[in-house]
Amino acid sequence: MLNTKKVLILGGGTAGWMAANLMIKKWAGQNISVSLLESEEIGIIGVGEGSTPSLKDFFAYVDIPEQEWMPACNATYKNGITFKNWSSKPGFSSYCHPFPSQLDDYTADAFIYNAFVRRKGIDVEAHPDQFLFASHLCQQGLAPQAAFHFPFNVSYGYHFDSVLLGKFLKNKAKERGVTHIEGTVAAVEQHPNGDISRLVTKDGRAIEADLFVDCSGFQAVLIQQCLKEPFISFGNNLFNDSAVVMPTAATAQVNSQTIATALKAGWAWDIPLTNRTGNGYVFSSAFCSNDQAETELRTKLGLLDSAEPVRFLKMKVGRLQQHWAKNCLAVGLSQGFIEPLEATALHLVQETLLAFIEAYSAAGFTDKNRDKFNQIINHRFESVRDYIVCHYKVNSRTDTDYWRANSNNNDISESLRQVLQCWVGGADLRQEIDRQQIGRYFPSISWHCLLAGYGLFPEQSQLKPGNAEALKYNLTSIRDFVERCALNYQPHQNILQKLHQV
Ligand SMILES: Cc1cc2nc3c(=O)[nH]c(=O)nc-3n(C[C@H](O)[C@H](O)[C@H](O)COP(=O)(O)OP(=O)(O)OC[C@H]3O[C@@H](n4cnc5c(N)ncnc54)[C@H](O)[C@@H]3O)c2cc1C
């Protein structure tokens with residue numbers, strides 16, 4: 001039984017309500033009260049509409065079926081992300097980073113082998129889209145649910161309206177016993193040992209707790225403003241610090257993937273919901289003004305003359321030195337953010353919460369427990385960061401200062417440097433990912449997709465024709481296999497219609 005009796009979560013964005021739902025579920029029957037304080041006047045960030053497959057586990061964990069939450073949040077299925085225009089290499093202007101599937105067991109070896117052989121300078125097909133199953137689902141607009149008779153699983157994530165998801169999770173948490181308090185924190189009081197003792201609201205209420213969870217977004221009211229926890233910026237290799245956002249009407253056929261299109265000073269997302277499409281341009285203010293970004297996004301959307309307003313956001317990219325300090329855990333944007341390119345923020349929220357609940361339930365507030373937890377979360381942040389940084393580092397665009405600065409930037413981690421050396425040096429990347437123990441965050445197949453998807457191979461003119469050994473895998477039969485497997489999957493639109501009618 002834990003000593004903690006009162007948990008107070010500050011902040012009612014997605015992070016706060018995910019924390020409330022997980023904690024009330026995990027600590028049920030342990031005489032622990034969970035309360036959440038949020039400020040209507042400050043509101044939430046209201047972006048963050050794509051997930052990784054881990055969100056499926058979150059909903060399973062808190063016992064909420066898709067039939068219930070997806071229609072309430074205008075949600076759609078996501079098989080992966082297609083990256084457009086990140087590479088100028090002929091034949092590689094676009095590639096998909098698909099979520100994994102059991103069917104990849106039959107084709108991924110061929111992809112990895114061919115990518116290896118092509119790195120050695122032999123002309124074989126090594127574009128990831130030709131091999132991996134969920135890429136095909138993305139291209140064909142299919143949903144990830146197989147027909148009942150087809151016994152293979154495909155991992156998938158979601159797209160959703162983040163404001164509606166927050167409201168949905170809020171209602172669930174309240175139904176399950178979380179106390180909701182409305183108010184704006186004006187002061188934070190501490191015990192003599194530095195632990196937080198209570199939060200005082202603008203209207204003079206004082207709320208005490210034993211454990212405080214800081215989900216106050218980029219404000220980081222508790223962990224940074226009060227406890228002064230240092231923030232480590234990732235700005236030296238992730239240049240984007242701004243975004244401009246503008247929704248458009250839903251498309252007739254709803255995509256089953258996110259599209260991330262490289263623009264002049266960043267990239268734009270296209271996230272399909274059932275009632276609208278979410279669009280945003282993530283850019284670097286050092287290379288592009290707000291006005292230029294707005295014009296570029298409007299031009300991309302064909303809405304240059306539209307009166308539809310846009311919204312600008314600033315992003316603080318980096319992580320805290322410690323996510324758990326004193327009696328305070330930071331979760332969500334308050335703990336750090338690695339820009340939205342692979343939609344990993346809520347994944348990190350979930351991982352932070354589950355790791356904390358496990359560590360804290362086992363050993364409570366001890367320095368050793370805290371240090372070990374912080375080390376694990378920092379490793380997660382840095383491993384995810386490196387995968388994202390790699391997208392910028394290996395780009396082959398030369399059209400703007402922004403892209404040239406990214407590819408010329410040698411301020412990358414030693415881990416990423418070794419991954420790139422391994423790839424370019426023609427060594428076994430699977431072994432390198434295993435050696436560095438970073439495959440838990442982005443597995444070797446994801447790294448292969450990125451590097452092969454950008455066409456990071458010897459130039460076409462340098463490639464030699466494939467011999468019998470190099471042409472070990474028959475591409476026609478792989479394509480045939482993928483296409484025939486896909487006959488067991490329905491159009492995304494049909495599956496959504498059924499789901500939203502339930
Ligand atoms: C441009 C952009 C795109 C993104 N895209 C994705 C994506 O595709 N996928 C993904 O997973 N994530 C994405 N994210 C991240 C995602 O938006 C966040 O991780 C998620 O919304 C959680 O935010 P949060 O709950 O930490 O903070 P917020 O939503 O900002 O919530 C903060 C809460 O704290 C409260 N608060 C703050 N100060 C006080 C105070 N003094 N008193 C009382 N309450 C207070 C606020 O009222 C609010 O309730 C994106 C972020 C950005 C900036």
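For this chain, numbers begin at 1 and follow the sequence in order. Both ligands and their constituent atoms are indexed starting at 1 by order of listing. All of these numbers come straight from a predicted model, not from anything done at the bench.
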**Asked** Under 3.5 Å, is there a donor-acceptor pair linking the side chains of Tyr77 and Gln145?
**Response** yes
message = Under 6.0 Å from the ring centre and within 45 degrees of the ring axis: does the NZ or CZ of Arg385 meet both conditions for the six-membered ring of Phe234?
response = yes
Nearest non-hydrogen protein atom to atom 49 (O) of ligand 1, with distance, is Gly12 N, 2.8 Å
Val221 heavy atoms within 4.0 Å reach ligand 1 at atoms 38 (N), 41 (N)
message: Assess, by modelled atom type and distance only, whether the side chains of Thr52 and Ser54 contain a donor and an acceptor separated by less than 3.5 Å.
response: yes
task = Taking only Lys NZ, Arg NE, NH1 and NH2, and the carboxylate oxygens of Asp or Glu, determine whether Glu358 and Lys26 approach each other closer than 4.0 Å.
result = no
Nearest non-hydrogen protein atom to atom 11 (O) of ligand 1, with distance, is Leu346 N, 3.0 Å
Among Gly336, Ser216, Ala330, closest by heavy atom to atom 37 (C) of ligand 1 is Ser216
Heavy-atom check, side chain of Glu68 versus side chain of Lys172, under 4.5 Å:
yes
Under 4.0 Å from one or more heavy atoms of Ala343, ligand 1 contributes atoms 8 (O), 9 (N), 11 (O)
The answer for which part of Cys215 has a heavy atom under 4.0 Å from ligand 1 is backbone
Honestly, for Glu49 the part within reach of ligand 1 (heavy atoms, under 4.0 Å) is backbone
_Any nitrogen or oxygen of Ile45 lying under 3.5 Å from a nitrogen or oxygen in ligand 1? Just yes or no._
yes
When distances are taken from atom 12 (N) of ligand 1, the protein heavy atom at minimum range is Ala345 CB, 3.2 Å
message: Taking the cut-offs as 6.0 angstrom to the six-membered ring centre and 45 degrees off its axis, would you call Lys316 and Phe231 a cation-pi pair?
response: yes
For atom 3 (C) of ligand 1, the closest protein heavy atom turns out to be Pro340 CG, 3.5 Å
Quick look: Ala243 vs ligand 1, heavy-atom contacts under 4.0 Å, and the answer is side chain
closest protein heavy atom to atom 42 (N) of ligand 1 is Val185 N, 2.9 Å
Exercise for the section: Kindly confirm or rule out an N or O of Leu37 lying under 3.5 angstrom from an N or O of ligand 1. Expected result: no
If you compare Gly166, Gly48, Ser39 by their heavy atoms, the one closest to atom 45 (C) of ligand 1 turns out to be Ser39
Pairs of nitrogen or oxygen atoms closer than 3.5 Å, one from Leu333 and one from ligand 1: do any exist?
yes
Looking only at protein heavy atoms, what sits closest to atom 24 (P) of ligand 1 is Ala15 CB, 3.9 Å
Checklist entry - Does ligand 1 have any atom that is closer than 4.0 Å to a heavy atom of Trp269? => result yes
Nearest non-hydrogen contact to atom 46 (C) of ligand 1 from the set Gly13, Gly43, Gly11, Gly280 belongs to Gly43
Residue, atom and distance of the protein heavy atom nearest atom 8 (O) of ligand 1 read Gly50 N, 3.3 Å
Tell me whether Glu66 is salt-bridged to Lys56, with the criterion being a basic N under 4.0 Å from an acidic carboxylate O. no
Check: Do the non-hydrogen side-chain atoms of Val213 and Met23 ever get within less than 4.5 Å of each other?
Finding: yes
For Thr14, the ligand 1 atoms with a heavy-atom partner under 4.0 Å come out as 21 (O), 25 (O)
Ranked by distance from atom 2 (C) of ligand 1, the top protein heavy atom is Val47 CG2, 3.6 Å
Is there a polar contact between ligand 1 and Leu10, counting only N or O atoms under 3.5 Å apart?
no
